[in-house]
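The model shown is predicted, which means the values in this text are computed figures rather than measured ones. Side chains included, hydrogens not; waters and symmetry mates left out as well; all remaining heavy atoms used. Every chain is numbered from 1, with letters handed out A, B, ... down the list of sequences.
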Amino acid sequence: MTTNYSMEDLVSLCKRRGFIFPASEIYGGINGFWDYGPLGTELKNNLRDAWWHDMVHCPPMGPDGEPLSIVGIDSSIIQNPKVWEASGHVGGFNDPMVDCRETKSRYRADHLEVIANANGEGRMYAFIEGNEESEERARKLLAKYEKVDALGDEYTTSLLTDIPTDAFERIVGPDTKEAGTLTEPRQFSLMFDTTVGATGGEDNKAYLRPETAQGIFLNFMNVVDTMRVKVPFGIAQIGKAFRNEVTPRNFIFRSREFEQMEIEWFCHEDEAQQWYEFWCDYRKDWWQKIGLTTENLQMRQHDSDELAHYAKEGCGTFDIEYKFPFTDPGYGELEGVAHRGNYDLSRHTEFSGKKINYFDQQKNERYTPHVIEPSAGLSRGTLALLCEAYTPDDRPSKVFMKFNPRIAPIKAAIFPLVNKNGMPEIATKLHEEMRKKHVVQYDAKQSIGKRYARMDEAGTPYCFVIDGDTLEDNTITVRDRDTASQERINIDQAVAYLDDKLIQ
RNA sequence: GCGGGUGUAGCUCAAUUGGUAGAGCGUCAGCCUUCCAAGCUGAAUGUCGAGGGUUCGAACCCCUUCACCCGCUCCA
């Protein structure tokens with residue numbers, strides 16, 4: 001299936017119908033931030049609640065036929081800054097980067113070396129550390145520049161980071177022939193920092209979490225000590241995370257403030273592989289269950305060179321990817337299932353000096369559990385649901401949102417066919433009854449066709465209409481969003497009818 | 001961060017060679033309407049993305065800036 005609409009069409013509908021707006025729009029917006037409108041909030045909350053229900057309150061059956069044990073937490077966005085040193089986010093991801101103005105290439109400053117004559121005068125040639133081809137090229141160019149056949153000992157290499165910045169104009173980049181094209185090393189901090197306390201100052205610097213996972217690791221012992229859980233078990237958390245992405249792009253797909261739904265599944269090292277496979281399969285099934293179609297989903301194993309620092313060992317990372325309009329025919333990450341080993345718990349043990357492990361009484365064994373992490377994007381999931389639902393059609397609205405009823409922002413609408421002759425009274429009564437259990441809307445304005453069309457764009461799966469016959473025989477019509485077909489049911493059965501349709 | 005493009009009403013878009021903005025749809029109100037944006041009448045909404053400059057005069061030309069889109073780069 002190839003996408004038959006553009007992302008701009010979807011963005012336009014989201015704006016028009018109150019799903020998603022640009023953040024601080026009246027001030028010209030702000031790059032990488034978005035606000036959820038009334039319908040977008042309902043949609044996102046429905047996805048969030050479905051996940052929480054299916055993972056925490058009613059988790060799946062494990063391989064042994066017993067339900068999994070998963071508990072939830074909600075940790076603080078700001079933690080002690082040492083957390084991010086232990087996690088590897090400070091240091092590992094604060095790499096200074098160097099850009100080449102000529103070739104537009106970007107390099108990590110600490111991965112570049114420079115070769116020059118020992119007195120440090122004249123041109124210097126940069127190359128990529130550990131890359132023979134690159135180094136050879138630099139040596140050749142330097143030899144040519146110095147007009148020598150071979151470089152002797154008087155030519156030495158040094159780290160780019162040791163070169164004073166006023167000498168950069170004499171450096172030739174790894175992929176260019178001109179000197180002075182490299183920028184000064186610039187810090188790319190992908191974490192937002194902030195200041196705790198009213199007095200401010202560098203000593204009070206803290207970070208907005210770049211992932212919710214660490215909050216779970218921090219509370220591992222608290223949960224073990226209070227919840228009577230036994231390994232294997234999981235801790236789930238949903239919440240905001242913040243990353244200073246270099247290039248926010250593609251609507252809410254890559255934004256700087258986003259929401260994650262993460263489970264850290266703690267297990268014994270010997271069982272990690274088995275659980276890893278379990279979670280890969282289960283999580284893909286779950287996305288299908290929530291309404292994404294098979295042909296738009298794919299599983300992709302990470303190559304070894306793209307693995308995160310915490311996933312270097314163990315069985316790697318699987319991405320569950322969705323075919324978004326802007327990635328089509330490719331796919332974009334929706335959820336990553338990573339084997340984090342015992343990296344995080346070990347690091348926190350090391351950095352905090354506190355005991356973080358698990359004692360298995362039956363086996364009489366104390367160990368640091370391994371972790372399988374199904375980490376899903378709530379924002380990205382919401383976007384995938386919007387993309388999946390967007391259905392161009394020849395009906396009056398030209399498009400309708402084919403949400404799975406379970407996650408639809410509005411479950412049903414109640415209309416009097418005509419706004420008189422006793423119909424509004426009956427419709428109002430039905431609306432008041434239905435809204436006690438479900439998100440429903442009442443609409444009596446304008447023609448019935450317009451009202452159906454409005455609900456089509458909002459993705460409301462059912463419309464109940466009170467008409468002339470209702471006055472005679474107590475029946476109403478139900479109109480199905482996807483087919484526009486109608487059936488008659490007794491008004492007394494309307495609530496049960498909707499209940500039934502929403503249980504899936 | 002780089003290159004290209006775009007920015008006019010809630011949405012989609014017009015506005016001749018620079019002469020202080022329009023349409024369709026939507027929204028709202030009234031009438032009318034017994035099942036798919038119907039009909040009639042009427043209404044509201046824009047500092048033309050923002051700031052500066054050139055000009056007698058700028059939506060239009062120039063500069064700066066912001067946001068969005070596409071391609072690089074990045075994406076723990």
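Across all strands, Pro22(A) comes closer than 4.0 Å to no nucleic acid atom at all (heavy-atom distances). Within 4.0 Å (heavy atoms only), Met423(A) reaches at least one base atom of the nucleic acid. Heavy atoms of Glu457(A) sit under 4.0 angstrom from at least one base atom. Asp467(A) comes within contact range of at least one nucleobase, with a heavy-atom separation under 4.0 Å. At the heavy-atom level, Ser12(A) lies under 4.0 Å from the strands shown only through sugar-phosphate atoms. In this structure, Asn419(A) reaches the bases: a heavy-atom distance under 4.0 Å links it to at least one base atom across the strands shown. Residue contacts shown for Arg479(A) include a base, since a base heavy atom lies under 4.0 Å away. Within 4.0 Å of Gly32(A), counting heavy atoms only, lie sugar-phosphate atoms of the nucleic acid but no base atom. Among the heavy atoms of the strands, none lies under 4.0 Å from Tyr27(A).
The side chain of Asn250(A) approaches C70(B) more closely than any other nucleotide in the set A76(B), A37(B), C70(B).
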Return the polar atom pairs (N/O with N/O) between nucleotides 24-28 of chain B and the protein under 3.5 Å, or none.
residue, atom, partner, partner atom, Å
U27(B), OP1, Arg454(A), NH1, 2.3

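A search for salt bridge (Lys or Arg N to Asp or Glu O under 4.0 Å) contacts involving Arg256(A) returns nothing, not counting sequence neighbours. By the side-chain hydrogen bond (donor to acceptor under 3.5 Å, both in side chains) test, Arg283(A) pairs with Glu335(A), sequence neighbours left out. Every salt bridge (Lys or Arg N to Asp or Glu O under 4.0 Å) that Glu433(A) has, sequence neighbours left out, goes to Lys436(A). Partners of Gln446(A) by side-chain hydrogen bond (donor to acceptor under 3.5 Å, both in side chains), not counting sequence neighbours, listed by chain and number: Arg454(A).
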Exercise. Base, backbone or nothing for each nucleotide of nucleotides 46-51 of chain B, written B, S, -, heavy atoms under 4.0 angstrom, 5' to 3'?
Worked result: ------
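Contact annotation: the side chain of His438(A) never approaches that of Ile410(A) to less than 4.5 Å [non-hydrogen atoms, C-beta and beyond]. A 4.5 Å side-chain heavy-atom check between Thr194(A) and Leu208(A) finds at least one atom pair inside the cut-off.
Taking only distance into account, the side chain of Thr247(A) meets the base of G1(B) through a donor-acceptor pair shorter than 3.5 Å.
Screening residues 74-86 of chain A for salt bridge (charged side-chain N to carboxylate O under 4.0 Å, His left out), with sequence neighbours left out, gives no hits. Sorted by first and then second residue, the ring-ring contact (aromatic ring centres under 6.0 Å, His included) pairs involving residues 377-397 of chain A (not counting sequence neighbours) are Tyr5(A)-Tyr390(A).
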Could you pull out all donor-acceptor pairs under 3.5 Å where a side-chain atom in residues 413-421 of chain A meets a protein atom, sequence neighbours excluded?
none

Donor-acceptor contacts under 3.5 Å from residues 22-37 of chain A side chains, at least two apart:
residue, atom, partner, partner atom, Å
Glu25(A), OE2, Lys15(A), NZ, 3.1
Trp34(A), NE1, Phe251(A), O, 3.2

Seminar exercise, completed: Annotated structure of RNA chain B as dot-bracket, pair cut-off 3.5 Å, Watson-Crick or G-U only, | for inter-strand, is (((((((..((((.....[..)))).(((((.......))))).....(((((..]....))))))))))))....
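Without hydrogens or angle criteria, Arg137(A) side chain to Pro174(A) main chain gives a donor-acceptor distance under 3.5 Å.
Around the NZ atom of Lys240(A), the shell of radius 6.0 Å holds more than 12 heavy atoms that belong to other residues, nucleotides or ligands.
Distances shorter than 4.0 Å separate some side-chain N or O of Lys15(A) from OP1 or OP2 on C11(B). Contact between the side-chain N/O atoms of Asn244(A) and the OP1/OP2 oxygens of C74(B) is not found at any separation under 4.0 Å. Dashed line: the shortest gap from a side-chain N or O of Asn421(A) to OP1 or OP2 of U34(B) is not under 4.0 Å. Between Lys398(A) and A37(B), a side-chain N or O to OP1/OP2 separation shorter than 4.0 Å is absent.
If you check residues 482-492 of chain A against RNA chain B, the residues with a heavy atom closer than 4.0 Å are Ala484(A), Gln486(A), listed by number.
Across every non-hydrogen atom of Ala384(A) and Tyr322(A), the tightest pair is O-OH, 3.7 Å.
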